[in-house]
Amino acid sequence: MPNTYYVYIMASESKVIYTGMTNNLENRVYQHKKKLIEGFSKKYNTYKLVWYDETDDVTAAIKLEKRIKGWLRKKKVALIEINNPHWQDLAKDWFK
């Protein structure tokens, strides 16, 4: 059975954004929400999952993550707002 890899964007209330890649989206989002990892995401409170994509190709996931990280903020915002115009937390009910 192939693995699934996720490229995702987390955001804070003030719309600071963090882009990452993982093979366990639920666990990684939990880590962001509980501030379990030191660094940018903890510092800027990027706890809302606002966008993600999935693939079974780890190389494609890494390339997409790097591509998105290289984009200007305006293009990242446009990507989020295509399917999530109000920046809702796509994982808000995952951990109840």
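In what follows, residues are counted from 1 in the order of the sequence shown.
- Remark: M10 CE to Q31 CD distance equals 10.5 Å, nearest 0.5 Å.
- To the nearest 0.5 Å, atoms NZ (K48) and CG (L90) are separated by 9.5 Å.
- Under the rule for a side chain to side chain contact (heavy atoms under 4.5 Å, CB included), the partners of D56 that lie at least two apart in sequence or sit in another chain are P2.
- Contacts of K42 classified as salt bridge (Lys or Arg N to Asp or Glu O under 4.0 Å), with partners at least two apart in sequence or in another chain: E38.
- A 4.5 Å side-chain heavy-atom check between E13 and N45 finds every atom pair outside the cut-off.
- In the hydrophobic cluster analysis, where Ile, Leu, Val, Met, Phe, Trp and Tyr join through side-chain heavy atoms closer than 4.5 angstrom, V77 is grouped apart from L49.
- The aromatic rings of Y18 and Y8 lie tilted to each other, with the angle between the two planes from 30° to 60°.
- Pairs of residues two or more places apart, or lying in two chains, that qualify as ring pair (Phe, Tyr, Trp, His ring centres under 6.0 Å) and include a residue from residues 42-72 are F40-Y44.
- Residues I9 and I62 are members of one and the same hydrophobic cluster, defined by side-chain heavy-atom contacts under 4.5 angstrom among Ile, Leu, Val, Met, Phe, Trp and Tyr.
- Atom NZ of K43 sits in a sparse spot, with 12 or fewer heavy atoms from other residues, nucleotides or ligands closer than 6.0 Å.
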Steps toward side chain to side chain contact (heavy atoms under 4.5 Å, CB included) verdict (N23, T4): CA-CA 6 Å; N23 66 350; T4 302; over 6 Å; no
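- Note on L79 and V50: same hydrophobic cluster, where clusters join Ile, Leu, Val, Met, Phe, Trp and Tyr whose side-chain heavy atoms are under 4.5 Å apart, directly or indirectly.
- Residues W87 and I80 are in side-chain contact: their nearest non-hydrogen atoms beyond the backbone lie under 4.5 Å apart.
- Grouping the Ile, Leu, Val, Met, Phe, Trp and Tyr side chains by contacts below 4.5 angstrom, directly or via other members, places V58 with V7.
- A pairwise comparison of heavy atoms in K15 and E81 identifies NZ-OE2, 4.4 Å as the closest pair.
- By the salt bridge (Lys or Arg N to Asp or Glu O under 4.0 Å) test, K33 pairs with D89, sequence neighbours left out.
- In this structure, L72 shares a hydrophobic cluster with no other residue, the cluster being traced through Ile, Leu, Val, Met, Phe, Trp and Tyr side chains under 4.5 angstrom apart.
- When only modelled atom types and interatomic distance are considered, T46 and S12 share no side-chain donor-acceptor pair under 3.5 Å.
- Atom CG in D57 sits 8.0 Å away from atom NZ in K63 (nearest 0.5 Å).
- Every residue meeting the side chain to side chain contact (heavy atoms under 4.5 Å, CB included) condition with K34, not counting sequence neighbours, appears here in chain and number order: Y30, L36.
- Using a 4.5 Å cut-off between side-chain heavy atoms of Ile, Leu, Val, Met, Phe, Trp and Tyr, with links allowed through other members, Y5 and L25 fall into different hydrophobic clusters.
- In this structure, Q88 CD and N83 CG are separated by 13.5 Å, a value rounded to the nearest 0.5 Å.
- For the atom pair OG1 (T22) and CD (E65), the distance works out to 10.0 Å, reported to the nearest 0.5 Å.
- Counting heavy atoms from C-beta outward, I68 and K66 have side chains that stay 4.5 Å or more apart.
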